[in-house]
Amino acid sequence: MTDLAHIRNFSIVAHIDHGKSTLADRLIQMTDTVAERDMKEQLLDAMDIERERGITIKANTVRIDYTADNGEQYVLNLIDTPGHVDFAYEVSRSMRAVEGSLLVVDSTQGVEAQTLANVYQAIDADHELIPVLNKIDLPASDLDRAAEQIEDVIGIDASGAIPVSAKTGEGIRETLEAIVHHLPPPAGDETAPLKAMLVDSKYDLYLGVVVLVRIIDGRMKKGDRIKMMQTGATYNVERIGVFRPAMTVVESLGPGEIGFITASIKQVRDTRVGDTITHEKKPCAEALPGFKPSVPVVFCGLFPVDSAQFEDLRDAIDKLALNDASFSFEMESSAALGFGFRCGFLGLLHLEVIRDRIEREYDIELITTAPSVIYHVYTKDGEMLELHNPADMPDMANVDHIEEPRIKATILVPDEFLGDVLKLCQDRRGIQEELTYAGSRAMVVYDLPLNEVVFDFYDRLKSVTKGYASFDYQMTGYREDNLVKMSILVNDEPVDALSTMVHRDRAEMRGRAMVEKLKDLIPRHMFKIPIQAAIGGKVIARETLSAMRKDVTAKCYGGDASRKRKLLDKQKAGKKKMRQFGKVDIPQEAFISALKMDG
Amino acid sequence: MRSDWQNGGFGIYVHWPFCEAKCPYCDFNSHVAREIDHPRWLRAYLKEIEAYGAALPGRVVSSVFFGGGTPSLMQPEVVAAVIEKIRETWPIANDLEVTLEANPGSVEAGRFRSYREGGVSRVSMGVQALNNADLRALGRLHSVEEARAAFETARHAFDRVSFDLIYARQRQTPESWRQELSEAVNMVVDHLSLYQLTIEQGTAFGDRYNAGRLKGIPEDDDAAQMYEITQEITQKAGYDAYEVSNHARPGSECRHNMVYWRYGDYVGIGPGAHGRISIDGSRFATEALKQPNAWLEATERSTGEKLREALTAEDQSTEMLLMGLRLSEGVSISRFEALAGSPLDQERITELDELGVLGVSGDKLMATQKGRFVLNSVLAKLLGG
Ligand SMILES: Nc1nc2c(ncn2[C@@H]2O[C@H](COP(=O)(O)OP(=O)(O)OP(=O)(O)O)[C@@H](O)[C@H]2O)c(=O)[nH]1
Ligand SMILES: C[S@@+](CC[C@H](N)C(=O)[O-])C[C@H]1O[C@@H](n2cnc3c(N)ncnc32)[C@H](O)[C@@H]1O
Ligand code: SF4
Ligand SMILES: [Mg+2]
């Protein structure tokens with residue numbers, strides 16, 4: 001048991017790739033939390049997708065013990081958070097569970113858009129911040145410039161910023177000392193009724209639902225009868241423990257502590273992040289305020305390639321949603337695709353990650369329909385429809401006007417690329433709101449339609465600025481514009497899953513880009529296939545995929561008939577990755593790829 | 001009751017796994033060996049023939065095929081002794097065909113007469129190209145002049161001679177293929193195998209192709225055009241395109257390959273050889289160990305066969321169709337249905353018929369000329385998927 005004065009809870013926040021997870025590695029290592037032989041780079045990025053993409057997707061908690069220079073023992077709970085804008089909800093929730101943050105700034109890059117966004121969140125959460133200037137081992141490291149930017153752009157005092165190399169370990173000791181001396185200990189009352197915050201949850205194959213909790217008041221131990229205040233569900237605590245980072249069972253958790261519990265929770269819906277956990281018999285008077293719900297901005301349909309896997313998909317989505325509070329879903333059915341789910345995400349990377357996780361962790365192949373944002377469609381009789389799926393667009397004759405979601409985008413970019421960035425924003429129907437300089441960098445703020453940003457804006461931005469620009473956005477509201485539904489016809493039949501909403505002025509261009517893309521994505525068939533984009537009954541772009549001329553295996557393998565059979569099986573397996581629309585097989589990846597633009 | 005294999009007859013395949021050099025495009029089971037113990041190989045072949053003879057007594061053999069590798073590197077005595085053993089083991093059809101694959105070098109040509117005396121009646125020569133630059137690019141050891149000379153020798157030594165050409169080679173144009181093929185059909189040959197070059201994974205060409213260093217391979221459309229030219233020229237010269245890549249003057253079809261395509265029974269002897277054999281109402285797929293030495297040693301110990309697997313009704317009907325639709329004569333619908341135990345999907349047949357790729361005539365189902373170009377797609381559609 002640790003008294004409150006010897007506990008420090010903090011999150012590590014930064015712009016993407018500034019070195020949060022690597023810094024967490026060093027903190028774990030220097031405090032001997034993990035045996036040397038079990039150490040590996042970005043230890044906390046345990047998911048396959050995290051390791052492959054080299055980014056953090058889920059926030060991770062670790063408890064470390066630290067003996068400070070003053071000889072006293074401290075318990076530190078650190079939460080490593082993701083940097084990508086699509087996972088910002090992980091960051092904001094993590095911050096609610098701790099009292100302070102390490103604000104990591106890559107000293108070779110300086111302050112970036114997410115650095116700013118993180119600072120605003122920290123202020124929102126009433127956090128103490130310790131600026132950490134990372135990557136000082138690199139020749140391009142510029143401490144003065146980074147410190148200056150922290151003061152100028154963010155407006156916080158950088159005199160206490162700690163120069164660190166998360167790679168070599170330099171400055172780690174100083175960081176640990178700063179945590180102990182500059183971050184406040186948690187407040188809390190051990191004698192008060194139990195009040196704990198449900199921070200996160202996940203599904204574990206062996207343990208079932210595992211809940212991440214932060215104890216505010218009181219004490220929780222194994223066998224306790226607990227109650228979720230929002231949902232009213234009650235459980236017996238079966239296991240209680242902490243992450244080191246492996247799950248390690250402890251006797252109990254008291255105020256200020258962060259750990260996990262399991263309680264044979266069957267109903268995934270019973271664990272709502274932000275909920276307050278208390279004792280059933282002696283509940284606390286008032287629940288915690290909870291978290292601001294996340295607002296999904298991109299929607300798409302997920303359907304199993306094999307329609308027999310619908311129930312498996314439901315199960316997979318239930319379990320994933322448990323581990324990702326920013327992801328929403330509801331059942332959907334489509335004539336061509338059967339039963340599936342319409343899902344909401346915080347961005348396209350988020351969408352891709354969820355899709356990948358379902359495919360890998362649950363072994364279900366998916367068809368992902370064209371992503372869309374939510375439009376507000378006003379009918380002539382004054383009704384407003386929330387349009388999540390362009391396929392549901394009512395007849396234009398009954399539509400009065402359509403509004404689309406807009407965002408405020410903040411982009412930080414070195415001067416030399418400013419022109420390209422302005423052009424990109426302009427091409428995406430953006431309206432410039434602000435343009436300021438900080439040293440050799442510009443900060444531009446644009447008002448942009450969300451649907452122009454959601455699919456590939458970030459990729460394009462990275463490519464036109466060689467990776468030097470950073471980007472963050474917030475939803476601002478809805479605005480009317482000249483929007484139409486564009487349908488795609490393949491072999492003269494409309495394919496709903498490819499319908500999109502577009503701005504009238506951009507329709508020809510988008511239509512042409514889409515039919516050209518589809519021409520490359522759809523394999524040749526035995527007959528030629530017209531691919532058209534149309535608005536209402538009017539075709540605005542057209543391509544023809546010519547018929548396959550030859551595919552027969554020329555060579556003769558004598559009596560090896562098995563080889564031919566295997567080839568056929570392979571062909572059949574390939575076909576399974578496609579869905580048939582009329583007589584045409586469309587590969588599953590076509591639905592997203594067709595929307596990505598090259599310009 | 002008549003067994004299904006009888007629709008295709010019965011043949012023996014003998015695999016000789018050695019070559020003088022490995023061609024860069026080739027993924028056949030062929031190896032370069034410094035020393036070959038010919039008598040030892042002969043003993044192994046004889047032992048396997050005996051074993052299959054015991055399993056399939058009384059079958060009438062209509063064809064024997066020595067394939068490779070380069071069987072024209074076999075000692076003529078070995079070839080003769082294998083043929084002799086087969087004749088002792090099974091009844092033999094009056095018109096037995098014995099084919100040997102030969103590389104058209106001068107050394108091989110020198111042995112043609114001895115092969116003839118040992119019982120070989122037909123040779124299939126790997127000419128591959130009719131210009132020296134291309135032969136070098138294909139890694140072939142012979143020249144066009146040698147090939148032509150070997151062909152002349154073969155024509156006098158054997159009743160029937162065939163040769164192979166590979167097209168869609170590096171930097172080949174449809175026009176140059178037209179020229180080359182026109183020359184070939186004038187060479188008084190009764191059978192031609194004309195293969196589009198396939199880039200196989202695991203070969204030298206495959207590696208170069210993957211690395212982007214195999215330049216000038218014709219694009220799909222050009223290759224398709226070359227296939228069209230192939231049909232046109234051979235047809236004009238009086239050859240029937242009786243199979244996807246095989247062309248023959250009427251009556252000169254390769255009987256051995258017909259056993260495969262008509263889905264008869266065949267015994268596969270030698271490293272990596274495949275067989276299909278019907279015993280007591282079941283049809284088995286057999287496969288021999290691929291490594292020459294492993295096969296040899298296993299055969300000496302017991303058998304070189306590494307796999308004998310009973311085929312399901314679906315496997316058999318699928319294979320029958322996969323092989324049979326390569327032939328211009330097509331397949332029997334009732335035979336397919338008897339094998340499969342269920343009817344072919346009529347809706348799919350109609351759809352493919354409407355596309356002009358499949359035709360039905362009485363009990364016969366066949367790919368049209370157009371359909372033969374896209375046979376893999378036709379089969380995938382027909383067999384569901
Ligand atoms: N040279 C050097 N490289 C570093 C240092 N810290 C991190 N890196 C490298 O920077 C890259 C990103 O590091 P991560 O720790 O994954 O960054 P992150 O902030 O956790 O990234 P996200 O979780 O995706 O936002 C990796 O290649 C690290 O090896 C450092 O101090 N010096
Ligand atoms: C078993 S092989 C070889 C016979 C003999 N060893 C020779 O090379 O002449 C039979 C034929 O297959 C053809 N062949 C081999 N590899 C090929 C490839 N990669 N693409 C197309 N045809 C090929 C050649 O025409 C060859 O003659
Ligand atoms: S093509 Fe013929 S000679 Fe060349 S390696 Fe293959 S089998 Fe041997
Ligand atoms: Mg990370």
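The analysis underlying the following values was restricted to heavy atoms, covering all of them including side chains, and did not include hydrogens, waters or symmetry mates. We name chains A, B, ... by the order of the sequence lines, and we start the count at 1 in each one. Computed from a predicted structure; not experimentally measured.
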Under 4.5 Å from any heavy atom of chain A, what part of [X] do you find: side chain, backbone, both or neither?
| X | answer |
| --- | --- |
| B:V259 | neither |
| B:L194 | neither |
| B:E200 | side chain |
| B:Y13 | neither |
| B:V244 | side chain |
| B:L197 | neither |
| B:S377 | both |

Taking atom types as modelled and ignoring hydrogens, do the side chains of [X] and [Y] form a donor-acceptor contact shorter than 3.5 angstrom?
| X | Y | result |
| --- | --- | --- |
| B:R276 | A:S562 | yes |
| B:Y227 | B:Q196 | no |
| A:Q309 | A:Y362 | no |
| A:T553 | B:N376 | yes |
| B:E243 | B:N257 | no |

Most contacts with chain B, counted as non-hydrogen pairs under 4.5 angstrom, among A:R524, A:M578, A:H525: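 With the most close heavy-atom pairs to chain B, the winner is A:R524.
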Between A:M548, A:R563, A:K583, A:M526, which shows the greatest number of heavy-atom pairs under 4.5 Å with chain B? A:M526
Greatest number of heavy atom pairs closer than 4.5 Å to chain A - which of B:D315, B:L379, B:D220: B:D315
Can you tell which of B:Q225, B:E319, B:M323 has the highest number of heavy-atom pairs within less than 4.5 Å of chain A?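 Sorted descending by pairs with chain A, the first entry is B:E319.
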Students often mix this up, so state it plainly: with edges at 30° and 60°, are the rings of A:F329 and A:F341 parallel, tilted or perpendicular? perpendicular
Return the orientation label for the B:Y260 and B:H256 ring planes: parallel under 30°, perpendicular over 60°, tilted otherwise. perpendicular
State, with a plain yes or no, whether a side-chain heavy atom of A:K550 is found less than 4.5 Å away from one of B:E228. no
